Amino acid sequence: MSGELPRPDAIGSKEIDRKILEIFRSRDGGVVSGEELSRSLDVSRTAVWKHIKTLNGLGYRIEAVPSRGYRLVSTPDILTPAELSVGLNVARIGTSLVFVGETDSTNTLAYRLAEDGAVEGTVVIADAQNRGRGRLGRQWESPAGVNLYCSIVLRPPIMPLHAPQLTFLSAVAVAEAIERSAGLAPVIKWPNDVLVNGFKVAGMLNEMSAETERIDFLVLGIGVNINMQRDQFPADLRHPASSLAIEAGHEVSRLSFTRALLESLDVHYSQYRAEGYAPLRQAWLGRSAVMGRRVRVSGNQGDMAGTVEGIDEIGALLLRTADGTLERVLAGDVTIEE
């Protein structure tokens, strides 16, 4: 990525577009005159027309009614700040929203914005990624118009040692959002894969900037397969993957899902800052696909098998092996054996 960084207030607000949509919504499908829009927004009628044209180009259907004005006929399922902010109930996460049509990786963009001083809770969303990244250097397939690719800037007052605790924040929030928006029953496979009916539908990648004693900022990267279809998945996937639409049997609103996700993240992060790791750990364990089950873990520590007894204070998997030893697994791929 090169060039000037997008500013959250420049990309995220689109203030005139947002106000135009607010006026239309207040009329519930009624006609609004160009003169009223011009006066309310303090811009020329030509400028109003240009903004209407821009909104139509984004997928809104705004009809011109001869001699009367304009009418909003339909709204696209698009993750712009103007749409996401409608009815969004958050205190911190999502109060600043950045949307881009395409980027290499939302994590990369969010990281650069954080370095440039982006406030805590800034959310970066892209309609598509051309270099989406998953765990362990893997590529995350990121076609346009169907999924959610987002990254959240956090500045928690914690030691770098405890940063992995926030890995579980994303997974719990994604699982809750799936329940609320799609009516499915997700589970979480350590550390942060979200599964529905045994298929992976979401993944997370967290990155941070830190000094020895404190975190400067943390970026939570989240990718969720919402309306992706079978023919859009690559043939060489390491693990079986699916989407919410495939598993639910119908399309799922990306807007509804994303609002639910941001609200869940906001609630759990506020609780984490107020009460620490314990409530988040319990929420994760309550949705775990591996707790109490026999698994095999493949990773840098080699292969090992055992029964999962939980996760520790820094998020390591606690594995009881056949000889009774309790092993701490810091990274790896988990396969459930029974």
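Position 1 is the first residue of the sequence; numbering continues from there. Note that this is a predicted model, so its numbers are computed, not measured.
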**Asked** Does any donor atom in the side chain of His268 or Glu176 lie under 3.5 Å from an acceptor atom in the other side chain?
**Response** yes
**Message:** Can you confirm whether Leu84 sits close enough to Arg259 that some side-chain heavy atom of one is under 4.5 Å from a side-chain heavy atom of the other?
**Reply:** yes
**Message:** With no hydrogens and no angle check, just 3.5 Å: does a side-chain donor-acceptor pair link Asn197 and Glu247?
**Reply:** yes
**Item:** Heavy-atom side-chain contact between Arg71 and Ile62 under 4.5 Å
**Value:** no
**Prompt:** About how many Å separate CG of Asn56 and CZ of Arg61, when rounded to the nearest 0.5 Å?
**Reply:** 9.5 Å
**Request:** Report yes or no: do Gln129 and Asp104 form a side-chain donor-acceptor pair below 3.5 Å?
**Result:** no
**Asked** Do Ile20 and His51 come close enough that some side-chain heavy atom pair is under 4.5 Å?
**Response** yes
**Asked** When you measure from the side chain of Arg254 to the backbone N and O of Asn147, does any donor-acceptor pair fall under 3.5 Å?
**Response** yes
**Message:** What verdict does the side chain to side chain contact (heavy atoms under 4.5 Å, CB included) test give for Phe233 and Asn225, after you've listed the backbone C-alpha separation in whole Å, the side-chain angles of each residue and the deciding distance to 0.1 Å?
**Reply:** CA-CA 10 Å; Phe233 287 97; Asn225 298 332; 3.5 Å; yes
**Request:** Identify which one of Leu262, Asn227, Val224 satisfies the side-chain contact (heavy atoms from CB on, under 4.5 Å) criterion when paired with Phe257.
**Result:** Val224
**Message:** I want to know whether Tyr60 and Phe24 have ring centres closer than 6.0 Å.
**Reply:** no
**Prompt:** Do the non-hydrogen side-chain atoms of Val334 and Leu317 ever get within less than 4.5 Å of each other?
**Reply:** yes
**Prompt:** Any chain of hydrophobic side-chain contacts (each under 4.5 Å) joining Ile93 to Val219?
**Reply:** no
**Request:** Show your reasoning for whether side chain to side chain contact (heavy atoms under 4.5 Å, CB included) applies to Gln165 and Glu313.
**Result:** CA-CA 7 Å; Gln165 294 175 350; Glu313 289 300 308; 4.2 Å; yes
**Message:** Closer than 3.5 angstrom, by distance alone: can the side chain of Gln232 be matched with the main-chain N or O of Gln229 as a donor-acceptor pair?
**Reply:** yes
**Asked** In Å and rounded to the nearest 0.5 Å, what is the CG to CG distance from Leu205 to Asn192?
**Response** 8.5 Å
**Parallel, tilted or perpendicular: rings of Phe168 and Tyr277 (30°, 60°)** = tilted
**Message:** Hydrophobic clustering (ILVMFWY, side-chain heavy atoms < 4.5 Å, transitive) - are Leu265 and Val267 grouped together?
**Reply:** no
**Message:** With a 4.0 Å cut-off on N to O distance, would you call Arg112 and Glu115 a salt bridge?
**Reply:** no
**Request:** Give a yes or no on whether a salt bridge exists between Glu309 and Arg293, defined as a side-chain N under 4.0 angstrom from a carboxylate O.
**Result:** no
**Message:** Closer than 3.5 angstrom, by distance alone: can the side chain of Ser38 be matched with the main-chain N or O of Gly34 as a donor-acceptor pair?
**Reply:** no
**Prompt:** Can you tell me how far OG1 of Thr80 sits from CG of Leu97, rounded to the nearest 0.5 angstrom?
**Reply:** 9.5 Å
**Item:** Flag, side chain of Thr54 to backbone of Lys50, donor-acceptor distance under 3.5 Å
**Value:** yes
**Message:** Check whether Ser288 reaches the backbone of Trp284 with its side chain - one donor and one acceptor, N or O, closer than 3.5 Å.
**Reply:** no
**Asked** How many angstroms lie between CG in Leu261 and OG in Ser256, if you round to the nearest 0.5 Å?
**Response** 12.5 Å
**Message:** Using every non-hydrogen atom in the two residues, find where Gly221 and Asn206 come nearest and quote the distance to one decimal.
**Reply:** N-OD1, 3.7 Å
**Request:** Would you check, one step at a time, whether the test side-chain hydrogen bond (donor to acceptor under 3.5 Å, both in side chains) holds for Asp323 with Thr321?
**Result:** CA-CA 6 Å; Asp323 64 4; Thr321 61; 2.6 Å; yes
**Request:** May I ask you to say whether Arg25 pairs ionically with Glu83, meaning some side-chain N is under 4.0 Å from a carboxylate O?
**Result:** yes
**Prompt:** Sub-3.5 Å donor-acceptor pair from the side chain of Arg294 to the main-chain atoms of Glu337, do we have one?
**Reply:** no
**Asked** Which distance, rounded to the nearest 0.5 Å, do you find between the CD1 of Ile311 and the CE of Met291?
**Response** 9.0 Å
**Asked** In terms of side-chain geometry, is the basic nitrogen of Asp42 or Lys19 positioned less than 4.0 Å from the acidic oxygen of its partner?
**Response** no
**Request:** Take Glu63 and Arg68 through the salt bridge (charged side-chain N to carboxylate O under 4.0 Å, His left out) test and state the conclusion after the steps.
**Result:** CA-CA 11 Å; Glu63 290 183 342; Arg68 294 180 62 196; over 6 Å; no
**Request:** Mind listing the closest non-hydrogen atom pair of Leu220 and Ser170 along with its distance?
**Result:** CD1-OG, 3.7 Å
**Co-membership, hydrophobic cluster, residues Leu184 and Val172, 4.5 Å side-chain** = yes
**Item:** Pairwise side-chain contact, Val194 with Met204, heavy-atom cut-off 4.5 Å (strictly under)
**Value:** yes
**Request:** State, to 0.1 Å, how close Leu58 and Pro76 come at their nearest heavy-atom pair, and which atoms those are.
**Result:** O-CG, 3.8 Å
**Request:** Identify the heavy atoms of Ser264 and Ala173 that sit nearest to each other, and give their distance.
**Result:** OG-CA, 3.4 Å
**Pair Tyr70-Glu36, side-chain donor/acceptor within less than 3.5 Å** = no
**Message:** Hydrophobic cluster membership, with links at side-chain heavy-atom distances under 4.5 Å among I/L/V/M/F/W/Y: are Phe99 and Leu21 in one?
**Reply:** yes
**Request:** Identify the heavy atoms of Ile125 and Cys150 that sit nearest to each other, and give their distance.
**Result:** CG1-CB, 3.8 Å
**Prompt:** Should Glu22 and Arg18 count as an ion pair when the cut-off is N to O under 4.0 Å?
**Reply:** yes
**Message:** Applying side-chain hydrogen bond (donor to acceptor under 3.5 Å, both in side chains) to Asn107 and Ser151, what does each step give before you reach the verdict?
**Reply:** CA-CA 6 Å; Asn107 262 30; Ser151 298; 2.5 Å; yes
**Asked** Does the distance from a Lys or Arg side-chain N to an Asp or Glu carboxylate O, for Arg180 and Glu263, drop under 4.0 Å?
**Response** yes
**Minimum heavy-atom distance Asp266-Arg92, with the two atoms named** = OD1-N, 2.8 Å
**Request:** Let me know which of Leu218, Asp216, Ile215, Thr122 forms a side-chain contact (heavy atoms from CB on, under 4.5 Å) with Arg155.
**Result:** Asp216
**Prompt:** Is there a side chain to side chain contact (heavy atoms under 4.5 Å, CB included) between Tyr269 and Leu166 once you walk through the steps?
**Reply:** CA-CA 9 Å; Tyr269 185 62; Leu166 288 167; 4.2 Å; yes
**Item:** Within-4.5 Å side-chain heavy-atom neighbours: Leu109 and Thr106
**Value:** no
**Message:** Test salt bridge (charged side-chain N to carboxylate O under 4.0 Å, His left out) on Asp312 and Arg281; report intermediate values, then the result.
**Reply:** CA-CA 9 Å; Asp312 71 7; Arg281 178 177 178 273; over 6 Å; no
**Prompt:** Would you call Asp193 and Lys200 a salt bridge, taking side-chain N to carboxylate O under 4.0 Å as the test?
**Reply:** yes
**Message:** Quick one, Ser298 and Asp303 - any side-chain contact, counting heavy atoms below 4.5 Å?
**Reply:** yes
**Request:** Find the distance between CD (Glu207) and OG1 (Thr108) and round it off to the nearest 0.5 Å.
**Result:** 6.5 Å
**Over 12 non-hydrogen atoms of neighbours within 6.0 angstrom of CD in Glu213** = no
**Item:** Hydrophobic cluster identity match, Leu285 and Val174, side-chain contacts under 4.5 Å
**Value:** yes
**Message:** With a 4.5 Å cut-off on side-chain heavy atoms, are Ile16 and Val43 touching?
**Reply:** yes
**Prompt:** Is a side-chain donor or acceptor of Ser85 paired with a backbone partner of Pro81 at a separation under 3.5 angstrom?
**Reply:** yes
